[in-house]
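Below is one structure, written out as structure tokens; the observations come after it.
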Amino acid sequence: MTDGPDDAAALGRRLLGALSAASDHPEAELRIAASIGISVFPGDQGTAEALLTNAELAMRRAKAEIRGSLRFFTSALHEAAVTKATLATALPAAMRERQIFLVYQPIVDLQTGTIVGCEALARWRHPTLGLLPPGQFIQIAEETGQIRDLGLYILDRAIGEFSAALPDGDDGVTLSVNLSFGQFAEEELVDVIRDELARTRFPATRLELELTESMLAQEPERAIEMTRAVSALGCKLAIDDFGTGYSSLAQLRRFQVDFLKIDRSFVIDIAGGDGPQGVVRAAIAMGHSLGLAIIAEGVETVEQAEFLRREGVELAQGYLFGKPMPIADLAEMHRRQAGRGDIAAPGKRPAPYPGSTKLH
């Protein structure tokens, strides 16, 4: 029993210190990492059950932020838990009523400025909470076992909308769809993709699936098997957010992928000098050494685009070329471009999509 928050924190730190102490083992030195959540009576709640629930919420936040740390329960954690439960309950209806919709960001060839593809991005127009980005509901779908349904909903809708707006043969523009960690963990993922392609008669060669670098690093053996199986279907694969994980060149060689997408955080820092530019150059060199094409994300300025083009980056996306937009707008943009020539002919500065500005 403690006298207050300070005593509880002190006890928690002593427990963490004791648990993290190294233990001898015949074959290795062992260390145990723990995370602690603290709820204080009577300020947080008045019942034992509520205190335990609140302490668990705080513990989960500690695990999510910095393992081996402690966190106190706050009202913000309670509000987040309520919102999470509300969204989890509302997800099935959101799919049935098409509250979850897609926007598409163009991907352009940096040498010509022509649109060669687009990335489908999910949004949720919630009736009371307003417009929600994917970061606020994808993780919830994974934690509540709804990611299979949501992933199939997004893939099916993306293929349907894209096929109607940009039919097969429309200059070979491709569709890129993100896979979440929950989808990646599904044993039937390849069968789901195969069945969807067969049902919609969508050409596999026009579909690109994106996996984050961290997903591949967590389950490398499964990643090798899955990337090869998806590639055998005819689909393209991209490693998204490249540079934020810990992939080695030796490990990347084992994955059957086609593109590396350099994370926007590195692209934004290009103007910062030799340090950030060196990181980008290293990522480009790694990708090209494996025979992969490079896609740069988050390109917002002409200077960024010109640097990337000089360094041999093939493709780019970002507000310089177009914000995420309805598929009809992207199709119209593509057709206007085809009618008037390229956005940026070789050797010329790429012009931003009309009406776009640098945004943060």
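What you see is a predicted model, and the numbers here were worked out from it, not measured in a lab.
Note: the hydrophobic cluster containing V190 also contains V177 (ILVMFWY, side chain heavy atoms under 4.5 Å, direct or indirect links). With hydrophobic clusters built from ILVMFWY side chains whose heavy atoms lie under 4.5 angstrom apart, L152 does not share a cluster with L121. I224 and L252 fall within the same hydrophobic cluster, where Ile, Leu, Val, Met, Phe, Trp and Tyr residues are linked whenever their side-chain heavy atoms come under 4.5 Å apart, directly or through other members. Residue V192 is not grouped with residue L207 when hydrophobic side chains (ILVMFWY) are merged at heavy-atom distances under 4.5 angstrom, including chains of intermediate members. Hydrophobic clustering of Ile, Leu, Val, Met, Phe, Trp and Tyr side chains at less than 4.5 Å, counting indirect connections, unites F184 with I239.
Of the possible polar contacts, none joining the E143 side chain to the A88 backbone as a donor-acceptor pair under 3.5 Å is found. With hydrogens and angles ignored, the 3.5 Å screen pairs a side-chain donor or acceptor of E142 with a backbone N or O of G182. No donor-acceptor distance shorter than 3.5 angstrom exists from the side chain of S231 to the backbone of T227, with no hydrogens or angles considered. Judged purely by atom type and a 3.5 angstrom limit, R206 uses its side chain to pair as donor or acceptor with the backbone of V173. The closest donor-acceptor contact from the side chain of S163 to the backbone of G160 lies at 3.5 Å or more, if one exists at all.
Contact record, P220 with F255: O-CE2, 3.6 Å, taken as the closest heavy-atom pair. The heavy-atom pair separating A331 from A165 by the smallest distance is CB-O, 3.8 Å. The nearest pair of heavy atoms linking A141 to L150 is CB-CD2, 3.7 Å. Minimum heavy-atom separation, D109 to L315: CA-CD2, 3.8 Å. Taking each heavy atom of H126 and A90 in turn, the nearest pair found is NE2-CB, 4.4 Å. Of all heavy-atom pairs between C118 and L330, the closest is CB-CD1, 3.6 Å.
Just one residue in the list L110, I107, I115 forms a side chain to side chain contact (heavy atoms under 4.5 Å, CB included) with F321, and that residue is L110. Each of I147, D149, I100 was scored for a side chain to side chain contact (heavy atoms under 4.5 Å, CB included) with L91, with one residue passing: I100. For the side chain to side chain donor-acceptor pair (under 3.5 Å) with S176, the lone residue among E210, K236, Q105 that qualifies is E210. If you run side chain to side chain contact (heavy atoms under 4.5 Å, CB included) between V103 and each of R123, K323, M325, only R123 comes through.
Proximity of V116 to T114: side-chain heavy atoms (C-beta onward) are separated by under 4.5 Å at one or more points. Taking 4.5 Å as the limit, some side-chain heavy atom of H288 sits within range of a side-chain heavy atom of E314. Put simply, the side chain of L292 does not reach to within 4.5 Å of the side chain of F242, judged on heavy atoms. In this structure the side chain of I270 reaches within 4.5 angstrom of the side chain of V267, judged on heavy atoms. At a threshold of 4.5 Å between non-hydrogen side-chain atoms, the residues K84 and T144 do not count as touching. Side-chain atoms of Y104 and E161, non-hydrogen and from C-beta on, do get closer than 4.5 Å to each other. A 4.5 Å side-chain heavy-atom check between F307 and R281 finds at least one atom pair inside the cut-off. Using a 4.5 Å heavy-atom cutoff, the side chains of L209 and I193 are in contact.
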Item to check | side chain to side chain contact (heavy atoms under 4.5 Å, CB included) assessment of R309 paired with Q111 | outcome: CA-CA 7 Å; R309 181 161 49 186; Q111 294 301 318; 3.0 Å; yes
Next on the checklist: Does F202 form a side chain to side chain contact (heavy atoms under 4.5 Å, CB included) with D156? I'd like the steps, not just the answer.
Outcome noted: CA-CA 10 Å; F202 188 72; D156 184 67; over 6 Å; no
Item to check | Candidate pair I294 and L308, rule side chain to side chain contact (heavy atoms under 4.5 Å, CB included), full reasoning | outcome: CA-CA 10 Å; I294 309 296; L308 293 165; over 6 Å; no
Next on the checklist: Checking R335 against E332 for the salt bridge (charged side-chain N to carboxylate O under 4.0 Å, His left out) test, could you report, in this order, the C-alpha distance in whole Å, the side-chain angles of both residues, the deciding distance, and whether it holds?
Outcome noted: CA-CA 5 Å; R335 293 186 181 110; E332 177 61 23; 5.4 Å; no
Next on the checklist: The test is side chain to side chain contact (heavy atoms under 4.5 Å, CB included); show your working for Q136 and T83 and say whether it passes.
Outcome noted: CA-CA 10 Å; Q136 290 188 239; T83 300; 5.7 Å; no
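A distance of 12.0 Å separates OG1 in T200 from CZ in F162, rounded to the nearest 0.5 Å. With values rounded to the nearest 0.5 angstrom, D269 atom CG is found 10.0 Å from R264 atom CZ. In this structure, I140 CD1 and L87 CG are separated by 4.5 Å, a value rounded to the nearest 0.5 Å. L189 CG to R194 CZ: the interatomic distance, rounded to the nearest 0.5 Å, is 10.5 Å. Annotation: the span from M215 atom CE to L179 atom CG amounts to 6.0 Å, rounded to 0.5 Å. The structure places CZ of F101 at 11.5 Å from CD1 of I154, a figure rounded to the nearest 0.5 Å.
Checked by atom type, the side-chain pair N178/Q183 shows no donor-acceptor distance below 3.5 Å. Between the side chains of Q304 and E300, no donor-acceptor pair of N or O atoms lies under 3.5 Å. One side chain, K261 or Q317, offers a donor N or O that lies under 3.5 Å from an acceptor on the other.
Salt-bridge annotation for E225 and R222: absent, with no side-chain N of the basic residue lying under 4.0 Å from a carboxylate O of the acidic one.
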